[in-house]
Amino acid sequence: MDWDHLRFFGELARSGSMAAAARQLGVEHTTVSRRIQALEKQLGAVLFEREAGQWRPTEAGRQLLGVADAMQRAASGLERMPLAAESTSQGPSGLVRVGATEGFGTQLLAPQLAALTQRHPLLSIDLLALPRLLHLSRREADIVISLERPTRGSAVVTKLTDYRLFLYGQREYLARRPLVARTEDLRHHSFIHYVDDLLFTRELQLLSTLFQPERFAFRSTSITAQYEAVRAGAGLAVLPAFIADRDPVLSRVLPAEACFTRTFWMSMPSDARQVQRIEAVWGFLREAVQGMGGLLKPRA
């Protein structure tokens with residue numbers, strides 16, 4: 001038997017996705033499929049069944065998974081042994097996939113992670129800055145930064161930081177529209193928001209706690225698009241301070257009443273703590289974000 005087949009088998013069993021397993025292994029999905037077929041032929045047993053688009057181990061597959069996990073633990077133990085000084089002298093190497101919300105990922109994390117790859121030339125970063133939830137259980141990313149604290153699966157979770165959002169408008173737009181001195185004055189203004197039925201987390205349902213517009217002038221699933229619409233003078237929107245406070249074209253509206261605080265949570269699979277490159281990126285992100293306190297949590 002080619003024992004390396006078990007490595008492919010274990011990754012597919014844990015991720016449930018041929019594409020996710022291929023990403024983790026650094027190969028094409030056709031390679032994973034070919035390995036699984038070869039292993040099934042050697043064992044004379046069907047190891048997976050397709051269910052709702054996911055690869056689920058059969059009874060034979062579940063029995064084999066215990067063997068594959070034992071081999072993985074043994075291999076991880078060998079990787080952590082200081083067999084040679086050179087094994088740690090070059091620093092972290094390989095690919096780490098980081099998932100984050102769109103605004104936080106593009107505005108703050110991208111330059112930080114780019115600098116990290118310059119510090120460690122053997123390290124590669126995939127930054128998934130998306131307006132949707134990413135799932136550790138599906139191995140969509142090695143590290144996920146989200147607005148909701150993960151409650152399912154075996155994961156290491158930490159509070160990364162709080163951050164603040166305010167209501168903003170373009171200065172020229174505000175100058176030509178009625179003055180906003182209190183919440184009731186917002187009825188004279190246009191608004192920009194998320195597309196409600198495509199909102200990926202309830203943590204971003206902010207505007208309705210302050211004011212419920214009868215209609216929206218512009219909506220988008222993208223916070224970057226909302227920001228650009230505010231800059232263009234289309235109306236008011238709740239935006240992260242780490243994006244909008246740096247833009248001299250924009251001004252806060254009702255800063256005392258329209259101040260919101262949300263939390264970023266950072267998580268990774270429990271077994272990822274044993275992987276040097278993932279642990280290195282995890283520690284770097286915690287340190288980097290700690291240095292952004294004033295940008296993330298400005299005074300109201």
Side-chain angles (χ1 to χ4, degrees), residues 91-136 139-151 153-166 168 200-204 206 222-224 226-227 238-247 250 252 255 259-300:
S93 63
L95 174 65
V96 177
R97 179 163 285 194
V98 179
T101 58
E102 178 199 11
F104 189 52
T106 56
Q107 295 294 317
L108 297 187
L109 296 189
Q112 294 287 339
L113 291 172
L116 180 63
T117 62
Q118 295 178 45
R119 188 187 308 173
H120 299 292
L122 299 180
L123 181 67
S124 298
I125 301 290
D126 279 356
L127 176 60
L128 310 183
L130 302 171
R132 69 172 181 87
L133 294 173
L134 289 163
H135 300 279
L136 286 177
R139 299 283 176 164
E140 290 184 316
D142 301 302
I143 297 172
V144 171
I145 298 172
S146 60
L147 284 164
E148 295 184 14
R149 193 182 196 284
T151 57
S154 178
V156 178
V157 182
T158 187
K159 178 180 176 179
L160 186 60
T161 183
D162 288 332
Y163 75 102
R164 292 200 174 113
L165 309 94
F166 296 90
Y168 291 89
F200 65 94
T201 173
R202 63 180 183 277
E203 294 297 323
L204 295 175
L206 301 170
S222 166
I223 191 65
T224 302
Q226 293 177 46
Y227 162 65
V238 176
L239 299 172
F242 62 77
I243 295 177
D245 272 0
R246 295 188 289 177
D247 191 334
L250 304 185
R252 294 183 190 175
C259 175
F260 309 93
T261 300
R262 290 296 182 264
T263 300
F264 283 127
W265 299 91
M266 186 164 67
S267 57
M268 65 176 171
S270 297
D271 58 3
R273 298 217 71 157
Q274 302 173 359
V275 182
Q276 182 196 20
R277 65 184 185 277
I278 299 176
E279 182 66 22
V281 175
W282 175 277
F284 171 81
L285 286 171
R286 292 192 67 174
E287 182 177 344
V289 171
Q290 285 176 3
M292 301 176 186
L295 187 59
L296 291 164
K297 295 173 285 188
R299 293 182 180 179

Heavy atoms of S270 and A155 approach each other most closely as OG-N, 3.3 Å
Give me the atom names and distance for the closest heavy-atom approach of T106 to P111. O-CD, 4.1 Å
What is the minimum heavy-atom distance between H120 and P92, and which atoms define it? ND1-CD, 3.5 Å
Rounded distance (nearest 0.5 Å) linking atom CD of Q107 with atom OG1 of T101: 10.5 Å
Is the shortest heavy-atom distance from the side chain of K159 to the side chain of W265 under 4.5 Å? yes
Answer whether the closest heavy-atom distance between the side chains of W282 and V96 falls below 4.5 Å. no
Should V281 and D142 count as side-chain neighbours, where that means a heavy-atom distance under 4.5 Å? no
State the CG-OG distance between L113 and S124, to the nearest 0.5 angstrom. 12.0 Å
With R149, which residues qualify under salt bridge (charged side-chain N to carboxylate O under 4.0 Å, His left out), at least two apart? none
Answer yes or no: is there a side-chain heavy-atom contact under 4.5 Å between L160 and F104? yes
Pairwise side-chain contact, F260 with L204, heavy-atom cut-off 4.5 Å (strictly under): no
Starting at CZ of R262, measure out to CG of L206 and round the result to the nearest 0.5 Å. 4.5 Å
Tightest non-hydrogen contact, residues A300 and C259, listed as CB-SG, 4.1 Å
Is the backbone of I223 close enough, under 3.5 Å, to the side chain of E102 for a donor and an acceptor to pair up by distance? yes
Carboxylate-amine/guanidinium contact E148 R202, below 4.0 Å: yes
State the CD1-CZ distance between I143 and R97, to the nearest 0.5 angstrom. 13.0 Å
Would you indicate whether the side-chain heavy atoms of T161 and M292 approach each other to under 4.5 Å? no
Quick one, Y168 with D247, criterion side chain to side chain donor-acceptor pair (under 3.5 Å). Give me CA distance, side-chain angles, the key distance, then yes/no. CA-CA 11 Å; Y168 291 89; D247 191 334; over 6 Å; no
Considering residues at least two apart in sequence or located in another chain, which fulfil the side chain to side chain contact (heavy atoms under 4.5 Å, CB included) criterion with L130? L128, R132, L134
Determine yes or no for a side-chain-to-main-chain donor-acceptor pair under 3.5 angstrom, with R164 supplying the side chain and P298 the backbone. yes
Working to the nearest 0.5 angstrom, can you tell me the gap between I278 CD1 and L123 CG? 10.5 Å
Any L239 side-chain heavy atom under 4.5 Å of L250 side chain: yes
Inter-residue atom distance T117.OG1 - L122.CG, 0.5 Å rounding: 11.5 Å
Could you check whether the rings of Y163 and F242 sit parallel, tilted or perpendicular, using 30° and 60° as the cut-offs? tilted
On a heavy-atom basis, the closest approach of E203 and L147 is CG-O, 3.5 Å
Report yes if the side chains of L295 and D245 come closer than 4.5 Å at any heavy-atom pair, otherwise no. no
